[in-house]
Amino acid sequence: MTDTAERAIAILKENDRGAYTVPTKGLYPFQWNWDSCLTALGQRHFDESRAWTEIETLFAHQWPDGMVPHIVFHVRDDGYFPGPDVWASGRPTATSGITQPAVAGFAVRRLWEAANDRTAADARARALLPKIAAWHRWFFANRDPAGEGLVAIIHPWESGRDNSIDWDETLERVPTEGIAPYSRRDTQHADPAHRPTKAQYDHYIWLVERFRSLGWDNSKLHDASPFRIVDPGFNAILLRACADLADVADALGAPEIVAENRAFAAKGLAAMESLWSEPGGQYLCRDRLTGTLIASASVGGLLSAFAAIPAPRAAALAGTIGARARACRYIVPSHDPADPRFEAKRYWRGPAWLVANYMIADGLARAGEQATAAAITRSSLELIAQSGFAEYYDPHSGEPCGGGSFTWTAAMVLEFLDRT
Ligand code: DGY
């Protein structure tokens with residue numbers, strides 16, 4: 001085993017809280033949804049059983065309506081805002097009231113396919129299948145009420161790309177008047193220059209208070225939200241998860257789950273075409289309220305490579321990533337460096353993230369774009385060698401940003417090393 005792999009495993013163990021893993025100490029002291037699913041991919045390299053537990057713990061806190069919340073507050077910790085009292089979701093174990101990218105179906109497929117313990121993997125996958133299927137069903141029922149085949153996010157935190165430039169215009173429509181006074185905790189753990197701004201936080205909190213006032217009733221939240229965006233990356237992750245879940249369900253003899261999820265994937269992939277921007281060479285977000293595409297060249301549109309998009313689209317995305325590689329030293333920046341709104345160190349407005357890199361590289365490799373996938377893998381491992389296991393990195397200098405000893409970064413490293 002290489003020294004890098006050993007360091008990655010040490011971080012995963014250090015952040016392990018028994019049945020779930022914190023993204024990093026201090027900044028994120030609970031269980032986060034997509035962090036956990038991607039973390040399991042790292043854990044499988046040294047403890048397969050523990051990897052299954054990570055996802056099972058998350059799904060133990062699924063809502064009765066099928067939603068899987070973005071945070072599970074397993075413990076009390078005043079070091080994080082907004083905590084359980086702000087969300088007031090009324091769940092037996094406190095959770096947030098919104099969701100996150102649906103990467104679980106993909107993660108389960110990968111754990112199941114690569115398993116050494118076949119009997120255990122079959123049993124644990126079989127138990128998770130209906131839960132993940134219920135989450136997928138929840139998405140299309142609640143976030144695609146008109147049946148267009150693509151789902152909307154109703155809060156920037158749902159995307160996982162909290163402060164992306166993609167949301168700037170739409171957030172102007174979200175008021176900030178009347179929100180309760182609050183004090184942020186994130187800026188005590190990480191450099192404020194690497195984090196979302198106060199102005200952005202005010203909008204985030206207004207949305208939380210609005211949804212809370214509606215009792216977190218998911219049948220109402222979509223139409224009640226002034227923020228409703230169809231994000232190509234978010235949808236690509238969901239559509240990939242639908243296809244992967246269907247494949248596992250097929251092998252394990254769950255035909256209803258197969259049919260339902262293949263139908264979601266087929267319809268969604270066809271609808272993804274409506275988000276393609278030929279001049280941009282990538283997919284773009286659509287504002288569901290105005291129906292217009294948002295002119296913002298973020299990594300959200302590149303993450304679309306994770307789903308089974310048409311080969312010419314994958315080739316065009318590889319070309320766009322190639323152009324970004326000429327504009328910065330490390331790929332993949334979370335936003336086009338040529339855009340004047342790009343900020344090299346501020347969270348999702350420019351920095352490179354290994355989770356995004358992993359999903360883009362995986363998708364491009366499947367589409368036959370091996371050279372770009374290999375370039376992304378190389379760049380990711382160079383960042384680790386230069387700057388350690390950070391939350392994200394300045395794509396020009398490679399400087400580590402945000403939190404340190406970061407769980408999902410370590411998990412992705414184990415996956416990258418496995419593939420090289
Ligand atoms: C945070 O607190 O920054 C998270 O990204 C929100 O889930």
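Both counts, for ligands and for their atoms, begin at 1 and track the order of listing.
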Decide, yes or no, whether a salt bridge links D144 with R288 under the criterion of side-chain N to carboxylate O below 4.0 Å. yes
Numbered atoms and elements of ligand 1 in range of R195, under 4.0 angstrom, heavy atoms: 1 (C), 3 (O)
State the atoms of ligand 1, each with its element, that fall below the 4.0 Å cut-off from a heavy-atom position in H70. 6 (C), 7 (O)
Check if W32 has a non-hydrogen atom at a distance under 4.0 Å from any atom of ligand 1. yes
Distance under 4.0 Å to a non-hydrogen atom of Y80: what atoms of ligand 1 satisfy this? 1 (C), 2 (O), 4 (C), 6 (C), 7 (O)
Applying a 4.0 Å heavy-atom criterion (strictly less than), which segment of Y347 is in contact with ligand 1: side chain, backbone, both, or neither? side chain
Under 4.0 Å from a heavy atom of D162: give me the atoms of ligand 1 that qualify, with their elements. 1 (C), 3 (O), 4 (C), 5 (O), 6 (C)
Between the side chains of R286 and S274, is a donor N or O closer than 3.5 angstrom to an acceptor N or O? yes
First locate atom CD of Q188, then atom CZ of F81, and finally report the distance between them rounded to the nearest 0.5 Å. 12.0 Å
Is there a donor in the side chain of S298 and an acceptor in the side chain of S296, or the other way round, less than 3.5 Å apart? no
Please determine, by modelled atom types, if E382 and Y393 share a side-chain donor-acceptor pair under 3.5 angstrom. no
